Every structure is written in structure tokens, then in C-alpha cells.
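Inspection log for the structure reproduced underneath, given as C-alpha cells.
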Amino acid sequence: MRIGVLISGRGSNLQALIEAAAKPDYPAEIALVIANQPEAAGLQRAEAIGIPTQVIDHRLFPSRVGFEAAVTDALCTAGCELVCLAGFMRVLTGDFVARWTDRLINIHPSLLPAFPGLHTHAEALATGVRITGATVHFVREQVDQGPIIGQAAVPVHDDDTADTLAARVLEAEHALYPHCVRLVADGRATVSGHRVRIAEADTRQSALLNPPLADGRS
Ligand code: GRF
């Protein structure tokens with residue numbers, strides 16, 4: 001399956017997808033990386049191994065609709081069948097989301113529906129949860145909502161700051177996103193109402209990752 005990845009910055013999740021897609025049995029290839037910020041560091045990660053990139057700077061478009069039409073054009077020209085948001089910091093309109101229904105996925109650094117939006121890790125600490133994590137979900141019009149493909153659980157430590165917690169969650173994201181893209185690209189993750197069904201003998205293993213169990217402290 002040809003995928004397009006949309007980024008705005010660092011691109012560490014893009015890097016995780018690049019590394020996964022380099023494996024011979026991986027069912028997806030990255031056909032295009034689009035950044036809405038010309039200085040997005042993730043662009044260099046893609047260029048380094050010859051993946052086509054395109055900067056579509058939202059500030060050059062008078063309307064959100066015009067910007068999104070350019071994004072859709074680029075994705076279609078590259079033959080993308082699945083779009084992965086990876087730290088893409090623009091809210092998408094309902095029209096764009098509808099255009100890519102069930103072919104547009106996002107990663108968020110919390111166990112949704114807890115802590116949507118920004119400042120996720122600070123909120124997790126302020127709330128006092130003992131477990132947080134990451135979620136990959138199909139995108140719907142409401143930000144950080146939509147049928148959940150997979151989640152990874154991460155412990156919160158007493159001495160965590162938002163930064164240390166973010167780093168631990170990010171590590172889990174890098175395992176979770178390629179895993180979930182594989183499920184979608186294999187046709188094993190299908191939307192059924194508000195839920196995603198995973199066509200596999202043991203769905204407990206395929207939809208939930210638990211990397212913190214190996215971190216020695218939990
Ligand atoms: C990640 O934490 C992701 O979950 C969130 O934005 C961050 C992007 O990081 N949506 P990176 O650009 O992939 O390094």
C-alpha cells in the first residue's frame with residue numbers, strides 16, 4: 001500500500017515508519033512526505049533515503065480549503081491510498097476528513113479519549129494517572145477522535161516531568177505507529193461503527209502494545 005505521511009516538525013514517527021517500510025515483508029511503502037512547514041526537520045529524514053518530499057506551506061494559501069486541495073492533489077498524484085498524520089499541526093476540515101474517510105490515520109501521545117489536544121503530558125501529570133500512552137486512530141472531524149486501531153500503555157513515574165514522560169511515550173509511539181500501519185495496510189483493521197475490528201486470531205496482542213513492561217522500572 002502506498003502511503004503519504006504529513007508532518008510539521010521533527011519527524012521521529014516518520015523515521016519509525018521509514019525504518020519499518022525498509023523491511024522486506026512490510027506491506028506499506030512511503031510514496032510521499034508532505035510538510036506544511038518548510039523547515040520541518042523530518043523532510044531531511046525522507047530526503048536522506050530518496051523518498052519524495054513536498055512542502056505545501058499553508059501560509060501561502062488564502063483558505064484552509066485551498067491548502068487542503070493542494071495536499072489532496074499531491075497525495076493523489078503520488079498514488080497514496082493511506083494518509084498518516086505524524087506530528088502534523090494543522091486542524092483538517094470536515095471536507096478533507098470525509099475525502100479520506102477510513103484512509104486517514106493519526107498518532108496521539110495519550111490513551112485517548114484521555115488528554116486530547118496539546119499539553120497532553122502535563123495534563124497526565126496534573127491528573128495523577130499512573131498509566132498513559134499513545135493511540136493510533138482513524139481521523140474524524142473532531143480533533144483526536146475516531147475509531148482506535150491500537151494503543152500502547154506507558155507507566156508514569158513519580159519523578160516524571162512532562163519531558164521525561166514525553167520521551168517514554170515517544171519510544172512507545174515508534175513501535176505502535178508502524179504496527180498499526182501494518183494492520184491497516186494488510187487489510188486486517190477495518191472500521192465497524194465507532195470501533196476497529198482486527199482480523200487476527202489474537203486481537204489482544206495486535207491492538208495493544210506494552211513496551212513499558214520491558215523498561216525495568218514498572
Ligand atoms: C508525537 O508525539 C505525536 O504523537 C504527536 O506529535 C508528536 C510528533 O513527533 N501527534 P514527531 O514529529 O513524530 O517526532
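Computation of the quantities below employed the complete heavy-atom set of this structure, encompassing side-chain atoms and omitting hydrogens, waters and symmetry-equivalent molecules. Each ligand, and each atom within it, is numbered from 1 in the order the structure gives. Since we're looking at a predicted model, the values are computed, not measured.
In this model, no donor atom of one side chain and acceptor atom of the other lie less than 3.5 Å apart for Arg64 and His58. A donor atom on one side chain and an acceptor atom on the other are found under 3.5 Å apart for Ser12 and His174.
Taking Ile, Leu, Val, Met, Phe, Trp and Tyr as hydrophobic and joining them when side-chain heavy atoms fall under 4.5 Å apart, one finds Met89 in a cluster with Leu118.
Looking from atom 6 (O) of ligand 1 to the surrounding protein, the closest heavy atom is Gly87 CA, 3.6 Å. What sits closest to atom 9 (O) of ligand 1 on the protein, heavy atoms only, is Arg10 NH2, 3.0 Å.
Nearest to atom 4 (O) of ligand 1 by heavy atom, out of His121, His174, Glu173, is Glu173. Across Gly9, Ser12, Ala172, heavy-atom proximity to atom 14 (O) of ligand 1 is greatest for Ser12.
By the side chain to side chain donor-acceptor pair (under 3.5 Å) test, Glu47 pairs with Thr53, sequence neighbours left out.
Aromatic ring pairs are classed by plane angle as parallel below 30°, tilted from 30° to 60° and perpendicular above 60°; the pair Phe67 and Phe61 is perpendicular.
Residue Gly11 approaches ligand 1 through these ligand atoms, each under 4.0 Å from one of its heavy atoms: 11 (P), 12 (O), 13 (O), 14 (O).
Ligand 1 has no N or O atom lying under 3.5 Å from any N or O atom of Asn106, backbone or side chain. The distance criterion of under 3.5 Å between nitrogen or oxygen atoms is met by Ile107 with respect to ligand 1.
A distance-only check finds a donor-acceptor pair linking the side chain of Asp57 to the backbone of Arg59 [under 3.5 Å].
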